[in-house]
Novice: 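Quick one: this structure, given as structure tokens, is what I'll be asking you about.
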Amino acid sequence: MNLYLKEIKKVFARQGKTGGTFCALDTTTLTLTGGKLIEITGRSGSGKSTLLQIAGGLLRPSEGRVILDDTELYTLEDGALSRLRNRHIGVIPQGHTALRSLTVLENVTLPARLYDPLTDATERAKELLAMVGIEELADEEPMQLSGGELRRMAIARALMQKPDVLLADEPTGDLDDENTAKILKLLRQFADAGTAVLLVTHEGAAAAYADAVYTMSAGVRAGIKDGGEGVRRYQKA
Ligand SMILES: Nc1ncnc2c1ncn2[C@@H]1O[C@H](COP(=O)(O)OP(=O)(O)OP(=O)(O)O)[C@@H](O)[C@H]1O
Ligand SMILES: [Mg+2]
């Protein structure tokens, strides 16, 4: 599947003394294609997470359209959008979103059980936990996990539904070099198997795994335009 972001703009209301509005993302167009891994890098505050959340159906843009194959995400009603996200889009968020009252294994199987309470997703969840190297933590509670272990749990959860589009926001942020390489390799494998992968990262080692790297235009917050001004594009060697 392909995900198209067409002329996306996001303006936030500022709550501070001065009030007013703030344009976090300005007229950004981006295509995520099945089988390709696109990396986005750029300064803190340049709008990377905003873009990723809009791509994932989690944040409505002020302007523009997000289209998965031929379905326009933000024209769907909430229930239909949630189901479409659950079936097709995996998100590894920048922050931690573990449900504390569930075990690690239950956190990972949750997306499978949301719309199909009868599903037995345990075996797949265990395989995914092994893939990210924390299978021995399956029965622990998230509170017992380190930052890097929680991150890897979130990666396993995002992969649970075999997403056609995988959106990863700093997935290696808390990880050592060895685990970073393991996760980057895993994301590449999913891309090679046909998933459209978006990787937001500051990790220098990531570019070697990407088909293309885009830099958010910091400062002017011009966002990304494919091949346009303020964008550097590197082709994989
Ligand atoms: N809900 C919000 N309300 C107001 N401003 C926001 C909101 N969310 C983000 N912003 C602003 O939009 C800008 C872009 O934020 P975003 O989180 O997309 O940056 P980022 O590139 O992901 O940064 P980082 O590398 O630090 O994660 C920031 O200046 C931020 O303060
Ligand atoms: Mg961010």
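Every value quoted in this text rests on a predicted model; they were computed, and no experiment measured them. Both ligands and their constituent atoms are indexed starting at 1 by order of listing.
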Novice: Test of understanding: given a 4.0 Å heavy-atom threshold, classify the contact between M216 and ligand 1 as side chain, backbone, both, or neither.
Specialist: neither

Novice: Return a yes/no value for E170: is any of its N or O atoms, backbone included, closer than 3.5 angstrom to an N or O of ligand 1?
Specialist: no

Novice: If you count the atoms of ligand 1 from 1 in the order shown, which ones are under 4.0 Å from a heavy atom of R14?
Specialist: 5 (N), 31 (O)

Novice: Below 3.5 Å, can you tabulate the donor-acceptor pairs from side chains in residues 128-141 to any protein atom, sequence neighbours excluded?
Specialist:
none

Novice: Using side-chain heavy atoms (C-beta onward) and a distance below 4.5 Å, is P142 in contact with L99?
Specialist: no

Novice: Is there a path from I155 to L110 through hydrophobic residues (I, L, V, M, F, W, Y) whose side chains come within less than 4.5 Å of each other?
Specialist: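 Hydrophobic grouping puts I155 apart from L110.
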
Novice: May I have the angle between Q94 OE1 and S49 OG with its vertex at the Mg ion (ligand 2), rounded to 10°?
Specialist: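 Output for this angle: 80°, rounded to tens.
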
Novice: For ligand 1, which atoms have a heavy atom of F22 less than 4.0 angstrom away?
Specialist: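 Those qualifying, in numeric order: 11 (C), 12 (O), 13 (C), 29 (O).
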
Novice: For E77, does the CD atom have more than 12 heavy-atom neighbours from other residues, nucleotides or ligands under 6.0 Å away?
Specialist: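 Yes, enclosed.
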
Novice: Charged N to carboxylate O below 4.0 Å: is that the case for R188 and D211?
Specialist: yes

Novice: Show me which atoms of ligand 1 lie under 4.0 Å from any heavy atom of T50.
Specialist: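 In order of number, 14 (C), 15 (O), 16 (P), 18 (O).
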
Novice: Could you tell me which atoms of ligand 1, counted from 1 in the order shown, lie closer than 4.0 angstrom to a heavy atom of H202?
Specialist: 25 (O)

Novice: Atom 26 (O) of ligand 1: which of G47, G173, S44 has the nearest heavy atom?
Specialist: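 Answer by nearest heavy atom: S44.
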
Novice: Using modelled atom types and a 3.5 Å cut-off, is there a donor and acceptor pairing between side-chain atoms of T41 and backbone atoms of T201?
Specialist: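 Yes, the answer is positive, given that a donor and an acceptor are paired below the 3.5 Å cut-off.
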
Novice: Say whether G45, considering both its backbone and side-chain N or O atoms, lies within less than 3.5 Å of an N or O atom on ligand 1.
Specialist: yes

Novice: Out of all atoms in ligand 1, which are within 4.0 Å of some heavy atom of S49? Include the element for each.
Specialist: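 So the atoms of ligand 1 that pass are 17 (O), 18 (O), 20 (P), 22 (O), 27 (O).
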
Novice: For L59, does its backbone N or O pair with a side-chain atom of Y74 as donor and acceptor, under 3.5 Å?
Specialist: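 Yes, Y74 side chain to L59 backbone: donor-acceptor pair under 3.5 Å.
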
Novice: Look at atom CZ of R87 and say whether more than 12 heavy atoms of other residues, nucleotides or ligands are closer to it than 6.0 Å.
Specialist: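 No, not enclosed.
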
Novice: Quick one: which ligand 1 atoms are inside 4.0 Å of a heavy atom on Q94?
Specialist: 27 (O)

Novice: Between Q15 and ligand 1, which part of the residue brings a heavy atom under 4.0 Å of the ligand: side chain, backbone, both or neither?
Specialist: neither

Novice: Give the numbers and elements of all ligand 1 atoms closer than 4.0 Å to a heavy atom of R43.
Specialist: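 Near R43, meaning under 4.0 Å from one of its heavy atoms, ligand 1 has 21 (O).
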
Novice: Between K48 (side chain only) and M216 (backbone N and O only), is there a donor and an acceptor less than 3.5 Å apart?
Specialist: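 The answer is no, because no donor-acceptor pair under 3.5 Å joins these two groups.
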
Novice: With heavy atoms of S46 as the reference, note each atom of ligand 1 found under 4.0 Å away.
Specialist: 19 (O), 21 (O)

